[in-house]
Amino acid sequence: MAIPLALLLSLLFGIVLAPECVATPDMAPATLLQVKSDLIDPQGILSGWSPEADVCSWHGVSCLPGEGIVTGLNLSGYGLSGTISPAISGLMSVEVIDFSSNSLTGPIPPELGMLQNLKTLLLYSNSLVGTIPPELGLLGNLKVLRLGDNMLHGEIPLQLGNCTELETMALAYCQLSGTIPHQIGNLKNLQQLVLDNNTLTGSIPEQLVGCANLRSLSVSDNRLGGTIPSFIGSLSVLQSLNLANNQFSGAIPADIGKLSSLTYLNLLGNRLTGAIPEELNQLSQLQVLDLSKNNISGVISISTSQLKNLKYLVLSDNLLDGTIPGDLCPGNSSLENLFLAGNNLEGGIEGLLNCISLRSIDASNNSFTGKIPSEIDRLANLVDLVLHNNSLTGVLPPEIGNLSNLEMLSLYHNGLTGVLPPEIGRLQRLKALFLYENQMSGTIPDEITDCTSLEEVDFFGNHFHGTIPEKIGNLKSLTVLQLRQNDLSGSIPASLGECRRLQALALADNRLSGALPDTFRLLTELSIITLYNNSLEGPLPEALFELKNLTVINISHNRFSGSVVPLLGSSSLSVLVLTDNNFSGVIPTAVTRSRNMVRLQLAGNCLTGAIPAELGSLTQLKMLDLSSNNLSGDIPAQLSNCLQLTHLNLERNSLTGAVPSWLGGLRFLGELDLSSNALTGVIPVELGNCSSLLKLSLSGNRLSGSIPQEIGRLTSLNVLNLQKNSLTGIIPPTLRRCNKLYELRLSENSLEGPIPMELGQLSELQVMLDLSRNRLSGQIPTSLGNLVKLERLNLSSNQLHGQIPTSLLQLTSLNRLNLSDNLLSGAIPAMLSSFPAASYAGNGELCGVPLPTCGANGRRLASATVSGIVAAIAIVSATVCMALLYIMLRMWSNWREVSVSSSDGEEPEAHDKGGKCCAGDGKYWKVGSGLVVAPSTEDKYSSASESTVLHGKLTEASAFNSKG
């Protein structure tokens, strides 16, 4: 890179005129005042800089004793802003410049390259921009260069390789790019190379082997790749190696084991593969080893028998397998922190018990089995015990209470059983107790309230029963209490109000009863409360209105009554779910104070009055469910402002008026259910604009007119339910575009015309196709045979004629069929004969099983003819049976004479075989008794007999027909 001409000339003249340009005390004040003029000094640190004062007395200025020559300028950490003046190059004798930890902006002046005596340049932790000036490579005496934590960009100047006295180069936390210059290998005195948190690429240059005095190499959080070079093993005085969070691949070089002075080795977050080299056990000075977040496989081959100084061993998030080695801690070990999470380790955890210095264990997310050993209390120094997401079984041993230093106990998502031992109360320092998703049972011991340091308790998804401990209020530091999905009963203790730091309370899915205690008003920091699926009752305490920090409330499926107003004191609510209670009165407009509301669900209560127009101010609302109340009036037009709505459910009310056309503007709407109201008018064509709609239900209203063709635009629709209205006209063929429909109900209207053959293109129809109780005519389209996933088909009570198409035989998933009360004729296809007669009733010209038999002309036989045939069959059958019975009696008589004459006093074997018949289930019944013993339950349901299957379908179809 070329040196700017101006600087080259200045350097040239500086060299030529050096004898006449030696710094003098007279030059420094003017230079420093120029530097000051470009700085903003909010603290007045530089207020004493004036020509009247001795420059060596100025704040931050250092001089040679007795000579007045400035050698140092230290203005670190004074909140200065502004820029670094190029005039600083006038301090020709300065050795130290420190502007670190300020708010300086602008570029680094290239003129700094003129300061030939400069040994230390500290500009880190500012907001400097631009590139690193290559002119800094002219600083032949520079020993310390720290420019990190700025907004510098560009490449690392290769000219820095000329600073042969450099001992520290720290350029971390910038935005530098490009590769690491191989010229850095020229820096024989370099001890620290710190390039973390940039965007450097390429590999580690092999020339770094020339930096024989390197003690710290840190290049983490870049984009470096390739393999880790083996020459690193020759940097014999290296103490710290940090290559974390790059893209290095391949195996860990065994040569790293030669770094006898290494105390810190961090290779986390790369793409390393292969096994852990045994040679790493030679690093006797190592204190920290982090190999996490790679693809390292094999067994754990690390032993502290040689790594006597190892305190941190981090092997998490790899592909390690096998068990915890018995020689992990064979003798006196210094290991304090062991992280094995996210591997494929198995077996028991007994191998940890010898690591008596351990303070933190994280062996979560593995496949460990067996019990938590009762000897766990050997780890007396343990602060964190994290074993969640394994397959541990058995009970939590009482000895856990002896771990007096324990602060975190995380055992969730295992298979632990038994009770929570009362000894848990000894853990006075315990802050977090996570036991959720186990199979623990029994009561929650009162002793838990002695763990007064507890901040988070999570027992979700166990089988705890009994009451919540009455003295739960002793846990003054508690911020999270999660007891959901247990079998707890009784009332919520009033003392819970003493947990005034509580932010999240989850008691849902239990059997709690009674009213909410008035002491809840004291939980002023409470943000989340979920009490759903209990038997809580009564009106809400009015003082709950004082809880101003609530963001999520879900108390659905209880028996609360009265007004909802006490829950509306907070203006920060995002979720309010009160479904299935007994709340009454009108919907308070106070609910709209929470302008960031996302979910409002008040379904299944006794609310009355109109839907408040003010709900339209909740522009962030995504779910509005007011169904199953006694609401009346029109759907307010102001709801058109809720453009984020994805679910709008107003079913089962007494709403009147028209279906609003503005609904077509809700482009994110996925569910629209207005069924079971008293809405009138037509279906607005604008609904065809709701392109995200998955469910459209307008059933049970008084809608008239035709089904809009535009409904065919709803190509994401899964459910369309328009039944029980007064719709007329034809079924629009455009419904074929709704090719994701799996449920289509148009019954109980006045639709006419033929069934569109295009419905056969709805290949995802599965749950139901119901067109019954209309005025449809024509034949059943053969294309319906394409609906191979269909389970229920109801075309009853129409005016359909012609034969049942044989294509319906393709509906192999069909379990309910109703074609009754039409004008169908001809024979019922044989494969459809398994459905009951009720499926075909009311079609006078249909014949064949299960209806009366068809004649030669394919029509149903006359009643007299059928009776004659049945009588003839009966007579013939009776004659044959009598003949067979006579023959059997004669044979038995002959056989009896023979057996009696040869008897020796025991029952003959032939009698046993002839007198009983062995059924398939090992049971017997008597022959000739005229009774048939029903087969066993097992045979009954395993048999493929047609009669059993037909009986099942007959029952289902009859039930279906009775429902219409």
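Position 1 is the first residue of the sequence; numbering continues from there.
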| task | Report the C-alpha distance between R713 and N689 in whole Å, list the side-chain angles of each, state the deciding distance to 0.1 Å, and finish with yes or no for side chain to side chain contact (heavy atoms under 4.5 Å, CB included). | result | CA-CA 7 Å; R713 297 182 194 162; N689 298 327; 2.9 Å; yes

Nearest 0.5 Å please: distance from the [atom1] atom of [X] over to the [atom2] atom of [Y].
| X | Y | atom1 | atom2 | value |
| --- | --- | --- | --- | --- |
| L751 | E748 | CG | CD | 11.5 Å |
| R595 | L618 | CZ | CG | 7.0 Å |
| R593 | S570 | CZ | OG | 7.5 Å |
| N721 | L696 | CG | CG | 8.5 Å |
| L573 | L568 | CG | CG | 7.0 Å |
| R773 | S796 | CZ | OG | 6.5 Å |

Counting distance only, does the side-chain N/O of [X] pair as donor-acceptor with the main-chain N or O of [Y] below 3.5 Å?
| X | Y | result |
| --- | --- | --- |
| S783 | M757 | yes |
| S535 | R511 | no |
| Q810 | G785 | yes |
| N677 | N701 | no |
| S839 | L817 | yes |
| N596 | S594 | no |
| N554 | S556 | yes |
| N653 | L655 | no |
| R702 | A678 | no |
| N749 | N774 | no |

Where is the tightest heavy-atom contact between [X] and [Y], given as atom of each residue plus distance?
| X | Y | answer |
| --- | --- | --- |
| H647 | L669 | N-CD1, 4.1 Å |
| A508 | N534 | CA-ND2, 3.7 Å |
| Q709 | P732 | OE1-CB, 3.7 Å |
| D634 | T656 | OD1-O, 3.2 Å |
| L811 | L784 | CD2-O, 3.4 Å |
| Q803 | G826 | NE2-CA, 4.0 Å |

Is any side-chain heavy atom of [X] closer than 4.5 Å to a side-chain heavy atom of [Y]?
| X | Y | result |
| --- | --- | --- |
| L787 | L793 | no |
| L819 | F835 | no |
| I555 | L516 | no |
| N786 | Q761 | no |
| L741 | E764 | no |
| E671 | T646 | no |
| F560 | N582 | no |
| S706 | I730 | no |

| request: In sequence, state the C-alpha distance, the side-chain angles, and the governing distance for L624 and L645, and then conclude on side chain to side chain contact (heavy atoms under 4.5 Å, CB included). | output: CA-CA 8 Å; L624 177 60; L645 272 176; 4.0 Å; yes

Among [options], whose side chain to side chain contact (heavy atoms under 4.5 Å, CB included) with [X] holds?
| X | options | answer |
| --- | --- | --- |
| N725 | T680, L679, L703, I707 | L703 |
| L602 | V591, L626, N581 | L626 |
| L648 | D673, L672, L621 | L672 |

Please table the atom pairs, donor to acceptor, closer than 3.5 Å between any side-chain atom in residues 606-614 and protein atoms at least two apart or in another chain.
none

| said: If the condition is side chain to side chain contact (heavy atoms under 4.5 Å, CB included), which residues does N718 pass it with, not counting sequence neighbours? | reply: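 Scan of N718 (side chain to side chain contact (heavy atoms under 4.5 Å, CB included), adjacent residues dropped) gives L694, K740, Y742.
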
| message | Can you list everything that forms a side chain to side chain contact (heavy atoms under 4.5 Å, CB included) with Q601? Sequence neighbours excluded, please. | response |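 For Q601 the side chain to side chain contact (heavy atoms under 4.5 Å, CB included) partners, ignoring immediate neighbours, are V577, T579, R599, M623, D625.
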
| Given L776 and I731, is the side chain to side chain contact (heavy atoms under 4.5 Å, CB included) satisfied, shown in steps? | CA-CA 9 Å; L776 300 173; I731 299 174; 4.1 Å; yes

| field | More than 12 heavy atoms of other groups within 6.0 Å of F460 CZ | value |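 Yes, the 6.0 Å shell around CZ holds more than 12 heavy atoms from other groups.
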
| Just wondering, more than 12 heavy atoms not from R484 lying within 6.0 Å of its CZ? |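 Correct, the count exceeds 12.
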
| task | For N533 and D509, test the side chains for any donor-to-acceptor distance below 3.5 angstrom and give the result as yes or no. | result |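 On atom types as modelled, these side chains qualify, holding a pair under 3.5 Å.
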
| query | Do S627 and E651 have a side chain donor and acceptor closer than 3.5 Å? | reply |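 S627 vs E651: no donor-acceptor pair found between side chains.
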
| message | What verdict does the side chain to side chain contact (heavy atoms under 4.5 Å, CB included) test give for I587 and N629, after you've listed the backbone C-alpha separation in whole Å, the side-chain angles of each residue and the deciding distance to 0.1 Å? | response | CA-CA 11 Å; I587 298 175; N629 281 285; over 6 Å; no

